[in-house]
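Working notes, beginning with the structure itself.
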Amino acid sequence: MKKLVVLTGAGISAESGLKTFRDSDGLWEGYNIEDVATPEAWEHNPVLVQEFYNARRKSVLEAKPNAAHYALAQLEEKYDVTVITQNIDDLHERAGSTNVVHLHGIITRSQSSIDPRLTYPIDGWELRMGEVCELGSPLRAHVVWFGEDVPMIEPAARICADSDIFMLVGSSLAVYPAAGLISYVGREVPKYIIDPKIPEVRVNGPLIKIREKATVGLPALVNELLKN
């Protein structure tokens, strides 16, 4: 089976009703990113940060996978598929994708404040202040904040380098280091970009641009690939 790697961004989740991480005004759901998505924010006002991610988690649990998520899961019928996502929701998994790499964490889990390797499932949408890990440290959302390392970036780079087919779906390639993953894809590997606004990208070799939203362009492409 050919190895098919898909890098997904906020655009694919936006079609399920989830807000993109950074809107044009620089805010996320009306909050300054610096106030809710940095280690300093957690240190300064942990209650605000916890409430913010509880609200995001509630939205994620209420959202449903869309046609693009289901199309990616369908690819597993004929391909060895790895989904690398910048998104912190679990919509890929709920649609049936079995091999998902979360670059920036996943909001349905919590993590220790002192050891990010210690993660735990969250029952429901609320993570309460006072809940602690096995080391006694407060639990926070299992999300990579600005200023923190992205531990899955190196495994993701190796996966991209080993791909036979590569897709970029719903990402503006504005957030690093995730934006650099496409540069690891081999020269001769077919590369597809699906987005209404195709981002500026410099790659060697074949590049197919599909100027459609994910729920339109992806099912059509998947249907074509499954036929072939």
Is the backbone N or O of [Y] less than 3.5 Å from a side-chain atom of [X], with the two atoms forming a donor-acceptor pair by type?
X    : Y    : value
E15  : A214 : yes
H142 : G105 : no
N32  : E34  : no
N87  : G9   : yes
K191 : R187 : yes

Determine, using the 4.5 Å side-chain heavy-atom cutoff (strictly less than), whether [X] and [Y] are members of one ILVMFWY cluster.
X    : Y    : result
Y31  : V143 : yes
I208 : L4   : yes
V189 : I210 : no
I84  : I106 : no
V222 : L91  : no

NZ/K213: more than 12 non-hydrogen atoms of other groups inside 6.0 Å: no

Distance-only donor-acceptor check, side chains E76 and T98, under 3.5 Å: yes

Side chains of S13 and D89, donor plus acceptor under 3.5 Å: yes

Heavy-atom side-chain contact between [X] and [Y] under 4.5 Å:
X    : Y    : result
I165 : Y192 : yes
N45  : D35  : no
E148 : P116 : no
V47  : E51  : yes
I12  : T85  : no
L181 : V5   : no
V81  : L72  : no
R140 : V49  : no

Check ion pair R117-D115 (N to O, under 4.0 angstrom): yes

Quick one: pull up [atom1] in [X] and [atom2] in [Y] and give me the separation to the nearest 0.5 Å.
X    : Y    : atom1 : atom2 : answer
L218 : D195 : CG    : CG    : 11.5 Å
T108 : L127 : OG1   : CG    : 11.5 Å
F166 : I193 : CZ    : CD1   : 8.0 Å
L118 : S137 : CG    : OG    : 9.0 Å
Y70  : K64  : OH    : NZ    : 9.0 Å
R128 : L139 : CZ    : CG    : 12.5 Å

Audit row: L75, M167, side-chain contact (heavy atoms from CB on, under 4.5 Å) steps and yes/no: CA-CA 12 Å; L75 275 173; M167 295 182 191; 4.0 Å; yes

Which heavy atom in [X] sits nearest to a heavy atom in [Y], and how many Å separate them?
X    : Y    : result
I198 : R211 : CG1-NH1, 3.3 Å
K78  : L226 : NZ-O, 2.6 Å
R94  : A63  : NH1-O, 2.9 Å
S97  : V83  : OG-CG2, 4.1 Å
V36  : A41  : N-CB, 3.9 Å
P206 : P190 : CG-CA, 3.8 Å

side-chain contact (heavy atoms from CB on, under 4.5 Å) between V60 and D90, worked out: CA-CA 8 Å; V60 164; D90 64 347; 3.6 Å; yes

Stepwise side-chain contact (heavy atoms from CB on, under 4.5 Å) check, S59 with L18: CA-CA 7 Å; S59 296; L18 298 177; 4.1 Å; yes

Cation-aromatic face contact R56/F52, 6.0 Å, 45 degrees: yes

From E134, R109, E131, residue fulfilling side chain to side chain donor-acceptor pair (under 3.5 Å) relative to Y120: E134

Audit row: Q50, W42, side-chain contact (heavy atoms from CB on, under 4.5 Å) steps and yes/no: CA-CA 8 Å; Q50 201 82 296; W42 176 250; 3.9 Å; yes

Stepwise side chain to side chain donor-acceptor pair (under 3.5 Å) test for H102 and E93: CA-CA 11 Å; H102 284 270; E93 288 90 343; 2.7 Å; yes

Mutual orientation of the aromatic rings belonging to Y53 and W145 [parallel < 30°, tilted 30-60°, perpendicular > 60°]: tilted

